[in-house]
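One structure below.
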Amino acid sequence: MSIQQNLNHIKETLPEQVTLVAVSKTKPVSDLQEAYDAGQRIFGENKIQEMAEKHEILPKDIEWHMIGHVQRNKVKYMAPFVSLIHGVENEKLLIEINKQAAKHNRVIDCLLQIKIAKEDSKFGMTEAEAFDILQSPSFSELKNINIVGVMGMATFTENESQIKTEFTQLKTIFNTLKAHHKFPTQFKTISMGMSGDYQLAVACGSTMVRIGSSIFGVRNY
Ligand SMILES: *Cc1c(COP(=O)(O)O)cnc(C)c1O
């Protein structure tokens, strides 16, 4: 199936309120252009350099999402254009994003990455750490970032009930953080679900899915 057909198929299965991030990491610009021509405007990349290069070339009404692990010294390369950073996992990184956003007179939306998987390899913070950041007085001084929700990745397993437990856990954490948020209406995004598990994620309350291989085909690294 073509990229356009894949996109249409996925969009048909997604509820209207769920945002689709087309994960285009490792894929050539021509593939992104094909998705763009089919109407897709939100793309997710996991390397800042690669995202910046694609941003240069492609139409400027694309929303670029950074979905990968973020190194603090590279934030400056995406600060002029990135629209959502999914993988924020500590306050130091938030401070750097705030600093770089200020240089461009921007307010950058961020998600706190919560560790829900049992694997050691997945990044993210605990619920308590997320809670502390949202409550800390120094956080309210960061005028150039907006924390708009949470992001999480389930364990890589065939065990659906485990994945469901982890997604449900993220939804519960989201609800708790939202209930204590100073501006609860801006705290609205739960980024969870990938090609293999997005339908389950949506059933568990996801508002944003990050789908790569089901749109663009398998990746060759
Ligand atoms: C690569 C990636 C995805 C997309 O994975 P697929 O299985 O190809 O849909 C989603 N989220 C993150 C954080 C990723 O790195």
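Atoms within each ligand, like the ligands themselves, are counted from 1 in listed order. Position 1 is the first residue of the sequence; numbering continues from there.
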What residue and heavy atom of the protein are closest to [atom], and at what distance?
atom: atom 9 (O) of ligand 1; value: Ser195 OG, 2.5 Å
atom: atom 13 (C) of ligand 1; value: Ile67 O, 3.5 Å
atom: atom 11 (N) of ligand 1; value: Arg210 NE, 2.8 Å
atom: atom 5 (O) of ligand 1; value: Met194 CE, 3.6 Å

| Ring centers of Phe131, His180 separated by less than 6.0 Å | yes

| message | With heavy-atom distances below 4.0 Å as the criterion, list the atoms of ligand 1 near Ile211. | response | 9 (O)

| request: Give the numbers and elements of all ligand 1 atoms closer than 4.0 Å to a heavy atom of Gly212. | output: 4 (C), 6 (P), 8 (O), 9 (O)

| message | Could you tell me if His69 and Gln113 have a donor-acceptor pair between their side chains, going purely by distance under 3.5 Å? | response | no

| With distance as the sole criterion, is a donor-acceptor pair present between the side chains of Thr157 and Glu119 under 3.5 Å? | no

| Is Lys25 in polar range of ligand 1, meaning some N or O pair under 3.5 Å apart? | yes

| How about Lys74 and Gln49: do any of their side-chain heavy atoms sit closer than 4.5 Å? | no

| field | ILVMFWY cluster, Ile215 and Met192 together (side-chain gap under 4.5 Å) | value | yes

| message | Quick check: is Tyr36 connected to Phe81 through a chain of hydrophobic side chains (ILVMFWY, heavy atoms under 4.5 Å apart)? | response | yes

| Run the side chain to side chain donor-acceptor pair (under 3.5 Å) check on Ser191 and Arg210 step by step: do they pass? | CA-CA 7 Å; Ser191 166; Arg210 309 175 308 269; 2.9 Å; yes

| Are Arg219 and ligand 1 in contact, using a heavy-atom cut-off of under 4.0 Å? | yes

| query | Which part of Met153 is near ligand 1, with near meaning a heavy atom under 4.0 Å away: side chain, backbone, both or neither? | reply | side chain

